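These numbers come from a predicted model, not from an experiment.
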Amino acid sequence: MKNRRITTMLKRLLFISYLLLLCGCKQEKKETIVNKTNTKSTLIKYANGFSIQNQSNGITIIRVLKPWANAKTTYTYALVPKELQASVTLNKNEYDAIISTPVEHIVVTSTTHIPALEELGALNQLIGFPDTKYISSTATRKLIDAGKIKELGVNESINTEAVLALQPDLIFGFAINGGNSTYETIQRANIPVVYNGDWVEETPLGKAEWIKFFAPFFNKTQKADAIFNNIETSYLEAKKLAAGAKSKPTVLSGAMYNDVWYLPGGKSWAANFLKDANALYLWNSTDENGSLSFSWESVLDAGQHAEYWIGPAQFSTYQEMQDASEHYMRFDAFKKRKVFTTANTKGETGGTLYYELAPQRPDLVLKDLIHILHPGLLPNYTPYFFKPLL
């Protein structure tokens with residue numbers, strides 16, 4: 001919890017992980033440093049990748065602790081309300097960026113950022129996005145069609161000239177590692193790049209809690225807390241409902257890519273969904289928080305008799321699977337037509353809605369799984385992401 005890069009990455013990491021989910025804005029150095037002794041931390045209950053401290057002087061300090069998997073680098077951003085700019089002084093060397101808030105014009109680089117902006121009522125601040133065709137949000141597509149959100153190329157080679165022409169207050173970026181020459185070029189032009197690591201989170205509610213990360217940039221902290229609290233309540237109620245199920249069905253996941261079968265590790269985002277849905281994911285005892293890779297024979301040995309197959313990569317029909325490999329036909333879940341996919345829920349331009357919205361709405365994902373795995377617990381529920389293979 002897409003532009004070509006995020007699609008490739010999430011097809012691999014959500015395929016792999018669910019199947020499955022810097023700023024250089026340097027201001028001129030001033031002479032004094034603000035006293036920062038009195039701080040109050042924003043409550044972050046599930047996410048491990050960021051922290052927020054609200055100082056008594058009105059400044060907010062955001063730290064990104066896990067910008068990418070296995071990162072050894074952290075980032076610190078100081079958010080200064082515009083009305084305080086004339087009266088406070090910060091040492092620029094202590095921060096990766098010092099940002100005036102509320103921000104008015106932004107660029108984001110992952111479709112997973114879109115739902116948070118939409119929920120916070122900050123879509124009108126979005127002025128650019130790389131590879132807009134991957135955005136599924138109806139409200140955002142209207143802004144794209146109206147020319148209010150500009151096309152910026154693709155994320156791995158974002159059009160720096162277009163970004164510089166837009167002059168956004170900042171860019172919310174993401175990275176698989178720390179090397180991104182495009183971001184460095186943008187930063188040299190005094191446009192901050194703020195790293196967002198929501199995709200690294202392993203738990204469903206941990207990903208969703210990143211709405212609190214976006215909120216201080218728009219002065220929307222209270223709204224973000226209320227939104228997240230509603231999602232949390234919905235999720236925990238669904239989890240409690242699933243815990244009362246009389247059975248714990250066995251689940252297989254993933255599919256083959258270049259003759260290697262990828263499926264979620266036991267500590268991954270996807271595996272946590274299945275655990276909370278009270279299912280027995282057959283690889284839940286593994287310690288991997290990303291993906292596992294096996295030969296098809298190994299998967300057949302463990303999962304041939306699994307009752308359900310959740311998340312068969314990008315396959316949308318049984319015929320597609322059969323055409324790709326006849327090995328799939330040997331699994332009971334395939335034979336009994338109990339394979340469920342997110343590939344059949346798409347936006348108007350063909351983007352898979354799951355990749356965009358699921359990280360923000362884990363409660364809907366969990367309810368989908370409960371509806372599938374425990375027929376009768378949610379009899380009137382209509383699945384949102386996971387649908388039967390055609």
Side-chain angles (χ1 to χ4, degrees), residues 1-2 6 9-10 13-14 17-18 21-23 41-54 60-69 71 74-77 79 96-97 99 101 103 106-123 125-126 129 137 140 170-176 192-235 268-270 272-273 289 354-366:
M1 287 289 72
K2 293 203 175 182
I6 194 64
M9 181 180 72
L10 284 177
L13 293 177
L14 286 181
S17 283
Y18 117 76
L21 281 149
L22 285 183
C23 292
S41 296
T42 294
L43 177 63
I44 307 297
K45 297 175 65 175
Y46 303 94
N48 295 316
F50 72 99
S51 67
I52 301 175
Q53 288 186 329
N54 304 297
T60 298
I61 304 300
I62 296 182
R63 291 184 174 85
V64 178
L65 309 172
K66 293 182 179 180
W68 52 82
T74 62
Y75 295 90
T76 303
Y77 308 107
L79 278 56
D96 293 283
I99 299 164
T101 59
V103 293
I106 65 166
V107 167
V108 301
T109 54
S110 168
T111 57
T112 61
H113 303 164
I114 300 293
L117 299 182
E118 188 168 346
E119 287 294 307
L120 290 172
L123 269 184
Q125 279 67 54
L126 180 60
F129 187 90
S137 159
T140 309
L170 62 84
I171 292 178
F172 287 106
F174 76 94
I176 297 177
V193 179
V194 175
Y195 278 112
N196 179 296
D198 57 1
W199 65 275
V200 185
E201 295 289 342
E202 299 167 12
T203 64
L205 288 174
K207 282 184 186 286
E209 199 164 20
W210 276 76
I211 194 171
K212 296 180 182 179
F213 169 85
F214 285 103
F217 293 91
F218 307 99
N219 291 354
K220 300 278 190 176
T221 295
Q222 290 185 341
K223 187 169 186 177
D225 289 344
I227 291 167
F228 179 75
N229 288 343
N230 288 336
I231 293 169
E232 178 190 27
T233 297
S234 177
Y235 190 93
S268 68
W269 184 57
N272 277 309
F273 271 122
N289 56 20
Y354 181 84
Y355 295 145
E356 180 173 312
L357 184 58
Q360 180 66 40
R361 291 303 306 271
D363 55 323
L364 298 180
V365 178
L366 184 58

Legend entry - Heavy-atom check, side chain of P216 versus side chain of I52, under 4.5 Å: yes
Legend entry - Flag side-chain contact, heavy atom, 4.5 Å: V64 against F213: yes
Inset, instruction - For the residue pair Y354 and V365, establish whether any side-chain heavy-atom pair is separated by less than 4.5 Å. - result: yes
Legend entry - Donor-acceptor contact present, side-chain Q125 to main-chain V103, <3.5 Å: no
Legend entry - Main-chain N/O of N229 paired to T233 side chain as donor or acceptor, under 3.5 Å: yes
Legend entry - Contacts of type side-chain hydrogen bond (donor to acceptor under 3.5 Å, both in side chains), residue T101, not counting sequence neighbours: none
Legend entry - Sequence neighbours excluded - salt bridge (charged side-chain N to carboxylate O under 4.0 Å, His left out) pairs with any residue from residues 357-366: R361-D363
Inset, instruction - Classify the angle between the aromatic ring planes of F50 and W210 as parallel (below 30°), tilted (30 to 60°) or perpendicular (above 60°). - result: tilted
Inset, instruction - Hey, could you give me each pair passing salt bridge (charged side-chain N to carboxylate O under 4.0 Å, His left out) that has a residue in residues 216-227? Not counting sequence neighbours. - result: none
Inset, instruction - Check whether any side-chain heavy atom of F129 sits under 4.5 Å from a side-chain heavy atom of V108, and report yes or no. - result: yes
Inset, instruction - Answer yes or no: is there a side-chain heavy-atom contact under 4.5 Å between E232 and Y46? - result: yes
Legend entry - Atom pair CD1 (I106) and CD1 (I99), whose distance is rounded to the nearest 0.5 Å: 11.0 Å
Inset, instruction - Might you point out which heavy atoms bring A47 and G206 nearest each other, and give the distance in Å? - result: CB-O, 3.5 Å
Legend entry - Any donor-acceptor pair under 3.5 Å from N272 side chain to E202 backbone: yes
Inset, instruction - Calculate, to the nearest 0.5 Å, the distance between atoms CG and CD1 belonging to L364 and I231 respectively. - result: 8.5 Å
Inset, instruction - Would you give the length of the straight line joining atom CD1 of I44 to atom CZ of F228, rounded to the nearest 0.5 angstrom? - result: 8.5 Å
Inset, instruction - Flag the pair W199 / W68 as yes when at least one side-chain heavy-atom distance between them is below 4.5 Å, and no otherwise. - result: yes
Legend entry - Donor-acceptor contact present, side-chain T109 to main-chain F172, <3.5 Å: yes
Inset, instruction - Determine, stepwise, if the pair T74 / R63 fulfils side chain to side chain contact (heavy atoms under 4.5 Å, CB included). - result: CA-CA 7 Å; T74 62; R63 291 184 174 85; over 6 Å; no
Inset, instruction - Output the distance between atom CD (E209) and atom OG1 (T42), rounded to the nearest 0.5 Å. - result: 10.0 Å
Inset, instruction - Look only at the side chain of K212 and the backbone of L43, and say whether a donor-acceptor pair between them is shorter than 3.5 Å. - result: yes
Legend entry - Interatomic spacing from OG1 in T60 to CG in N54 - rounded to 0.5 Å: 4.5 Å
Legend entry - Heavy-atom pair with the smallest gap, counting every atom of P362 and L205: CG-CD2, 4.2 Å
Inset, instruction - Check whether the ring centres of F214 and H113 lie less than 6.0 Å apart, and answer yes or no. - result: yes
Legend entry - E201 side chain vs N48 backbone, donor-acceptor pair below 3.5 Å: yes
Inset, instruction - Would you give the length of the straight line joining atom OG1 of T203 to atom NZ of K45, rounded to the nearest 0.5 angstrom? - result: 12.0 Å
Inset, instruction - Identify the two heavy atoms, one from S137 and one from I114, that lie closest to each other, and give their separation to 0.1 Å. - result: CB-CG2, 3.9 Å
Inset, instruction - Give the minimum heavy-atom separation between T112 and P115, together with the two atoms involved. - result: O-CD, 3.5 Å
Inset, instruction - May I ask you to test the N196-V194 pair for a side-chain heavy-atom distance under 4.5 Å? - result: no
Inset, instruction - Using a 4.5 Å cut-off on heavy atoms from C-beta on, say whether the side chain of Y195 contacts that of Y77. - result: yes
